[in-house]
Structure formats: structure tokens, C-alpha cells
Amino acid sequence: MKTIDELLADGVSGKRVFVRADLNVPLADGTITDDGRIRAVVPTIKALADAGAEVVVASHLGRPKGAPDPAFSLLPVAERLAELLGTPVAFAEDTVGPAAHAAVDGLEPGQVAVVENLRFNPGETSKDDTERGEFADQLAALADVYVGDGFGAVHRKHASVYDLPARLPHYAGYLIAREVGVLKKLTADVKRPYVVVLGGAKVSDKLAVIDQLLGKADRLLIGGGMAYTFLKAQGHEVGISLLQEDQIPAVKEYMERAEKNGVELVLPVDVLVSPEFPDLKTKAPSQHTVVDADKIPADQEGLDIGPKTRELYASKLGDAETVFWNGPMGVFEHPDYAEGTKAVAQALVDSDGFTVVGGGDSAAAVRTLGFDENAFGHISTGGGASLEYLEGKTLPGLAALED
């Protein structure tokens, strides 16, 4: 795929460049709570603006139903982008309508505009090729060149990700180029030992990547809500913990395959349990105890890995040359259940190997828990996209840039 460096070498002064970013940041009452995805695309936008391009930035935010919804407006994102760039950023209150065209027409070389949420238009996410194509045609009218830099969206066959690159000269931005380069290090010529840490709520979200990793990784460390399906598959009581009973047969099969393939599959040996889920809004202290993983009371719920497991996982990460981590070890949003996730993050920081935090909740946890992002080899901006890449799937947005 062609990169932004090739575009800059050809010259972009006076050209309108459409940058498909991933600015899908978390908001609380209209306030951005984690601006990591905005900061990640700043180098691409700044390089284009500094070279004299008229930069049109577009993204989705949340899951609006194909119509304008103030709760999902990109206005706070545009304001934060302006702060990060240190320059005014125009904002269009629609995506391809009069406001968007006015904002784009008003750009001078080196200036930036953000158009409103792409998903306010039903054509963005439509499964009908014609409807999606018509919206892509409208987007194409805003620019001369396309730069894809929204890695967190490349696994979606959406108009701005998949159809639009076919209508304009297209290039990969710095973020996508870096993400792909990192993922190749996790799939080809991997330095070993290669340790993968998987957490999060649902084991069903991770089965496909586990299937692939059983032939690639040396160790799999399992935590988070998904661990309780593994513990149940071993015949243990898991109380009222998160459990996907329908996935137990698949989990049993994967545990057998891991043993057969010589992949060390490590499960929690102790957990923090509580009779009720903690209040994440007030963060009020929660009643909890530590129990062995095979002694979870029937009326209690596992909410984090315990201290023995934290030490065990840190030791299993100690000699790793390559680490991929996706998914928290517990309910890290509450201080009583953040220590497991914090311990894994600290083990990556202490590692001499190449460490990758696989986006989503893991990336949010790293920032929420106060870790220096530069202490990790790479923090991905796309959890779902990273997983699908590791699963060996073809990602529509990357395929479109490669054509």
C-alpha cells in the first residue's frame, strides 16, 4: 500500500485531502474522557497541513441510528483536535451537505476542517452496495485525495473505509502504517517466548483469535470475565460470575489443543469475589474477599484476579520477547478490582521484550491507571481490528488501501 510519505513527496499544497480517522472517543456528558485516538492521528493531520494541504477530517462516533443525534456529535472532538494542533479547526454541522461544502470551500492551504459524524448518514454503514456507493460518491466530492488513518475502523466494510478509497487516489496514514507494521511483528518472524494475555468479558469474542494463537503463541494467560468459562470447563464452581455456558465445549477443545500443541495455557489460581457488582459511578468501597479459583462461593461473583495470580502472570511475562495483551483482568474501572489489570500492565512495563497493548479497554485501562504510554512498545487504537488481523481475516479497510 502507498503511504503518506509518498503523497507528501509528490506534493499536496492546495490539494484537498480527506483523512478518514478513528475519533471514536469515550464521552461523559459531552466531555471526552480519553483523547488517545485523537492524539494518535495528529501526526498525519499535522504533516498534511504543514505541507499546505486543505485537510478534511471525518470519523464516526458511537452508534447513532443513521440520523443526526446531538449525543454523538463530533463537535467536542473538533475542539480537542484544535487544542492538540494549536490551530483553529473548522467544524461542519453535517457530513456531505451544505455546511460540509461551505467548510471545505472555505479552507486555505494548511487549514483543517472536521465534518460531522459519518454515521449520521445511513449510507455509511449500509449493507447495500449501491446505497453505500452513493454516499461514498458524495464524500469523494469533498476531496482530491484519500488518506486512511482510522485503524480502529478498518475491519468494517463501511462507505468511508471501503468504498471511498476506490474513488480517489489513496494512501495509508502514519497510524495505519505503524499499526500494520506492529501486527506483522506478532504474526511473522515472532521473537520468542511469545506470550499473549487475553481478558475482557466474553470468551466468545476471543475464540477465533485463540484458535489462531494455539499455533503461534508459547503461552496464553487468561483473565477477566472470560476466565470463568475456562474455570467452569475444568469443572469448578464459578458462582454468579460471568459465564458463557454455550462456549464450554469450544473452551474444552482449545484447552486440549493447547496441551497437544505444547502451548502453556495459564488460568487464575485465585480471584477477588463479591456478592454484588460494584458501583462504578460512585466508586464506593465494595465488599470482597480473595478465594482460590476452584473455591468460588455459589452466591458470589469473580471480579478480578487475585494476588497469587498477579505474581504468577508477572513471572510468566518475565522472560517474554514478544507480548500481546488484549482485555483487562477485572473490573478495572473500580479501584477495588483494578490491581490485576495494573499488575499485568506493570509486567509489560518491566519487560525487556516487545510489548503491544491491543486497543479497546486495555488501552483505556493503561491510561486510566496512570501508566506512561511510552513505556509500552505500542498501544493500538483498534481492539477489534487488531484481533481480526491476528485471526487472519482480511480487513476491508486495509484491502481497499492496498488496491
Lys185 to Phe354 six-membered ring, cation-pi geometry met (6.0 Å, 45°):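 Yes.
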Pairs satisfying side chain to side chain donor-acceptor pair (under 3.5 Å), at least one member in residues 150-160, at least two apart: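 Only Arg20-Ser160, Glu124-Ser160 qualify under side chain to side chain donor-acceptor pair (under 3.5 Å).
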Pairs where residues 214-229 contributes a residue and the test side chain to side chain donor-acceptor pair (under 3.5 Å) is met, not counting sequence neighbours: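 Every pair satisfying side chain to side chain donor-acceptor pair (under 3.5 Å) with a residue in residues 214-229: Arg192-Asp218, Gln212-Lys216, Arg219-Glu264, Arg219-Asp319.
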As an exercise, state the distance from [atom1] of [X] to [atom2] of [Y], rounded to the nearest 0.5 Å.
X: Leu214; Y: Glu253; atom1: CG; atom2: CD; result: 9.5 Å
X: Leu23; Y: Thr381; atom1: CG; atom2: OG1; result: 10.5 Å
X: Thr95; Y: Phe120; atom1: OG1; atom2: CZ; result: 7.5 Å
X: Thr394; Y: Glu402; atom1: OG1; atom2: CD; result: 8.5 Å

Between Glu333 and Thr368: side-chain donor-acceptor atoms closer than 3.5 Å: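 Side-chain D/A pair, Glu333 to Thr368: absent.
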Side chains of Asp149 and Thr44, donor plus acceptor under 3.5 Å: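 There is such a pair between these side chains.
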Set of ring-ring contact (aromatic ring centres under 6.0 Å, His included) partners for Tyr337, sequence neighbours left out: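 Tyr337 satisfies ring-ring contact (aromatic ring centres under 6.0 Å, His included) with His288, His334 once adjacent residues are dropped.
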If you define the side chain from C-beta out and look only at heavy atoms, does anything of [X] sit under 4.5 Å from [Y]?
X: Ser386; Y: Asn326; answer: no
X: Leu168; Y: Val145; answer: no
X: Val366; Y: Trp325; answer: yes
X: His378; Y: Glu179; answer: yes
X: Asp336; Y: Leu272; answer: no

Leu221 and its side chain to side chain contact (heavy atoms under 4.5 Å, CB included) partner, picked from Leu198, Leu317, Val196, Leu267: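 Going through Leu198, Leu317, Val196, Leu267 one by one, the side chain to side chain contact (heavy atoms under 4.5 Å, CB included) with Leu221 is satisfied by Leu317 alone.
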Salt bridge (Lys or Arg N to Asp or Glu O under 4.0 Å) contacts touching residues 24-41 (sequence neighbours left out):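 Every salt bridge (Lys or Arg N to Asp or Glu O under 4.0 Å) pair that includes a residue of residues 24-41, provided the two are not neighbours, is Asp22-Arg37, Asp34-Arg367, Asp35-Arg39, Asp35-Arg80, Arg39-Glu373.
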Side chain to side chain contact (heavy atoms under 4.5 Å, CB included) partners for Thr3, two or more places apart: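 With sequence neighbours excluded, Thr3 shows a side chain to side chain contact (heavy atoms under 4.5 Å, CB included) to Asp5, Glu6, given in chain and number order.
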Whether Phe18 and Tyr146 hold their rings parallel, tilted or perpendicular, with breakpoints at 30° and 60°: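 It falls in the parallel class, under 30°.
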Sequence-distant partners of Glu54, salt bridge (Lys or Arg N to Asp or Glu O under 4.0 Å), two or more places apart: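 If we apply the salt bridge (Lys or Arg N to Asp or Glu O under 4.0 Å) test to Glu54, skipping adjacent residues, the hits are Arg16.
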